[in-house]
Each structure stands twice: as C-alpha cells, then as structure tokens.
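Quick note: numbers below take in every heavy atom, side chains included, and nothing from hydrogens, waters or symmetry partners.
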Amino acid sequence: SRLGELCTGMVAAGADPATPVAVVERGCTPAQRTTRATLGTAAAVAAARGVRAPAVVVVGAVAAMAEVTP
C-alpha cells in the first residue's frame, strides 16, 4: 500500500525513475509471483496487477534479472 510513496520518495531523493523494481509476492511459496517495473511506473503497474501483501520490494539492477529455474 506504500509502494507509490516509497518510489516517489526515492525519485525525489535523486534516484533515476528508470531504476528497475521487482515486487515479489508470497515468496518461497507455490503462489510466488514477481512484478517488474521501474521506480517511475512501479505503483501503477503493481496496482494494475493487483499486487498484495505479503511482498518484498527489490530496487536496483538485480531487480531486472530474469528468474532462473533449476
């Protein structure tokens, strides 16, 4: 619920709006889902996809990496 506020604050503090963001819902469960966006679009993309807690937000280059399945 605070994703927009967090992203806006980071951009206001000087972060590039194009910085990658990944929101991982229900991590380490069969229902895990990852939503990828940027600091500038993360709140809108997450809202459109219906992202819900519990979730972890990852910001930076690692957030743009593709998921690897063993």
Side-chain angles (χ1 to χ4, degrees):
S1 65
R2 297 189 59 207
L3 183 60
E5 180 183 334
L6 294 171
C7 292
T8 298
M10 291 180 74
V11 171
D16 183 350
T19 301
V21 174
V23 182
V24 183
E25 299 172 84
R26 298 175 303 276
C28 297
T29 72
Q32 179 175 317
R33 178 173 75 150
T34 302
T35 298
R36 288 187 174 76
T38 65
L39 280 175
T41 64
V45 171
R49 291 203 64 203
V51 171
R52 308 216 10 122
V56 174
V57 179
V58 180
V59 179
V62 70
M65 296 178 75
E67 292 181 33
V68 177
T69 54

Open item on the list: Applying side-chain hydrogen bond (donor to acceptor under 3.5 Å, both in side chains) as the test, list every pair that has at least one member in residues 13-24; sequence neighbours left out.
Closed with: none
- [ ] Determine which pairs satisfy side-chain hydrogen bond (donor to acceptor under 3.5 Å, both in side chains) with at least one residue from residues 20-30, sequence neighbours left out, and list them in order.
- [x] Glu25-Arg33
Open item on the list: Using the side-chain contact (heavy atoms from CB on, under 4.5 Å) criterion, which residues pair with Thr34? Sequence neighbours excluded.
Closed with: Ala22, Val24, Gln32, Arg36, Glu67
Task: Listed once per pair and sorted, the salt bridge (Lys or Arg N to Asp or Glu O under 4.0 Å) pairs that draw on residues 4-13, sequence neighbours left out - done: Arg2-Glu5
- [ ] Hey, could you give me each pair passing side-chain hydrogen bond (donor to acceptor under 3.5 Å, both in side chains) that has a residue in residues 44-65? Not counting sequence neighbours.
- [x] Thr35-Arg49
Open item on the list: If I compare all heavy atoms of Ala37 with all of Ala42, which pair ends up nearest, and what's the gap?
Closed with: CB-CA, 3.7 Å
Task: Under 4.5 Å side-chain linkage, directly or through intermediates, the cluster mates of Val21 - done: Leu3, Met10, Val11, Val23, Leu39, Val51, Val57, Val59
